[in-house]
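Right, one structure below, let's go through it.
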Amino acid sequence: MHPSVTWAAGIDAGRSAVKAVACSMTDDDSCSIVFPNYCILKPAISDPKTLDAVAPDTVVIGETTYLVGRSAETLGDPSSVPVGMDDEWFMSPQHAAMIVAALNKFEAVNPLFTPSTVMLTVGLPVSLAISQHSAKRYIDTLSAHLAKAGMPKVTKAIQSQARGPLYDLSFGDNGMPLEQPILEGNWAVIEVGHYSSDCIVIRDGLTLDKEHVSLPGMRSATSHISDELRKQSIMATVQQLNSVIERGSYKLRGAMIDMTAQRDTAVRKLAAELAMGLAPLLRPHLDNLDGVILAGGGAELLQQYLVSALPPISVPVTPRFSVARGFAKHSAFLSHMA
């Protein structure tokens, strides 16, 4: 095992929320965190109670102070959308602020966690991860931002977001391969995010770099819901739309409004979009696939509508955390190999 690594962590800094998992390499300690993917410059705050409340979401990179997560969502423009609308955002200091915030939150949950002793795997969209130039640029840029945040010793690796669920089902929490790992098989992996759904094809455990596609994510479903609400002259916020997806309802003037039927219709439409987009990619591989791994925040909602269009579907436990959990296991595996 790498002598300086005592923690293995995975961070899925998705375009709507940051999911992160850390596991101790010396005992059974582990922790999982999630916070909204919002980032703003820290505004002037005069109220001491508010200052205390936003302290856990405050990140300093160089001479710039940011607010992230729920604090940024609350104090920022309520009509704004989460950051990360395009791939270039992954090179920004705002993205690095999310990584720093996750590491800080690990330390707040478990004082024994220290960033200088962590092996960290971070996910990138498949379009960036398969490009050696983009991957190196990302590592160099993130390293520079982490150094400015006082975390120069974080050991880092990157992977395609869609490989996280594969690692989740192939390794134990300690990073050791399971007795019957699926990593060596033939799989399609679909990671359903908010803005996009990435799909990759794995043959004998190897990613086929040219066999991938990026399709609409859960935002497509929220757009359908937004259209329905607009017909009622209701201009829903991003937070209200996300609430409909997660809970089947949203809060309006103090009352919870049931939107289960509209949500199910929207998810069914998204499933049809995905099935149509996946068909050209998967058709040449259907006879050899062991199955499809469906993960991400929308996996459980979409599964029932995709089951007739795809080979046998496996959904990891708590699929929203599958990418981050798989990356934490991958970090543990890399630590053993070092």
Side-chain angles (χ1 to χ4, degrees), residues 1-15 17-23 25 33 35 37-42 57-69 72 83-108 113-164 167 175 323-324 326-338:
M1 187 174 77
H2 194 293
S4 65
V5 171
T6 59
W7 287 84
I11 297 180
D12 172 14
R15 300 175 195 263
V18 178
K19 286 81 65 179
V21 174
C23 302
M25 298 293 292
I33 57 175
F35 56 94
N37 195 347
Y38 286 81
C39 183
I40 63 173
L41 294 174
K42 186 179 179 181
D57 288 334
T58 301
V59 172
V60 179
I61 297 182
E63 298 180 357
T64 306
T65 303
Y66 299 96
L67 285 186
V68 304
V83 296
M85 290 288 288
D86 56 46
D87 287 350
E88 190 61 27
W89 172 75
F90 287 87
M91 308 296 175
S92 71
Q94 288 87 346
H95 169 75
M98 300 296 180
I99 304 298
V100 173
L103 295 173
N104 286 341
K105 290 176 185 293
F106 284 146
E107 196 167 7
F113 178 92
T114 53
S116 62
T117 65
V118 67
M119 176 68 205
L120 172 65
T121 299
V122 180
L124 289 179
V126 63
S127 58
L128 294 180
I130 65 173
S131 165
Q132 290 185 354
H133 171 75
S134 296
K136 182 179 185 304
R137 180 180 169 223
Y138 174 78
I139 284 290
D140 291 345
T141 302
L142 179 60
S143 297
H145 289 316
L146 289 179
K148 290 180 181 178
M151 298 182 178
K153 296 183 179 180
V154 175
T155 306
K156 300 167 291 296
I158 61 170
Q159 284 287 334
S160 163
Q161 292 278 111
R163 285 193 73 89
Y167 295 138
V323 171
F327 286 161
K329 295 177 179 181
H330 178 257
S331 293
F333 173 76
L334 292 179
S335 177
H336 286 304
M337 297 299 102

Taking the side chain as every heavy atom from C-beta outward, state whether [X] and [Y] have any atom pair closer than 4.5 Å.
| X | Y | value |
| --- | --- | --- |
| Lys42 | Thr64 | no |
| Thr114 | Lys153 | no |
| Tyr167 | Thr121 | no |
| Asp12 | Val18 | no |
| Leu120 | Ile99 | yes |
| Phe90 | Thr141 | no |
| Phe327 | Val21 | no |

- Task: Could you check Tyr66 against Leu41 for side chain to side chain contact (heavy atoms under 4.5 Å, CB included), going step by step and ending with a plain yes or no?
- Result: CA-CA 4 Å; Tyr66 299 96; Leu41 294 174; 3.7 Å; yes
Test side chain to side chain contact (heavy atoms under 4.5 Å, CB included) on Val122 and Tyr138 and set out the steps.
CA-CA 10 Å; Val122 180; Tyr138 174 78; 3.2 Å; yes
Supply the atom-to-atom distance [X] [atom1] to [Y] [atom2], rounded to the nearest 0.5 angstrom.
| X | Y | atom1 | atom2 | answer |
| --- | --- | --- | --- | --- |
| Ile11 | Met98 | CD1 | CE | 11.5 Å |
| Gln161 | Leu124 | CD | CG | 7.0 Å |
| Leu67 | Ile40 | CG | CD1 | 5.0 Å |
| Ile139 | Ser134 | CD1 | OG | 12.5 Å |
| Ile33 | Lys19 | CD1 | NZ | 12.0 Å |
| Lys136 | Ile158 | NZ | CD1 | 11.0 Å |

Taking all non-hydrogen atoms of both residues into account, name the closest pair between [X] and [Y] and its distance.
| X | Y | result |
| --- | --- | --- |
| Ile61 | Ala97 | CD1-N, 3.6 Å |
| Asn37 | Trp89 | ND2-CH2, 3.3 Å |
| Ala8 | Ala328 | CB-O, 3.5 Å |

Of His336, Met119, Lys156, the one forming a side chain to side chain contact (heavy atoms under 4.5 Å, CB included) with Ser331 is Met119
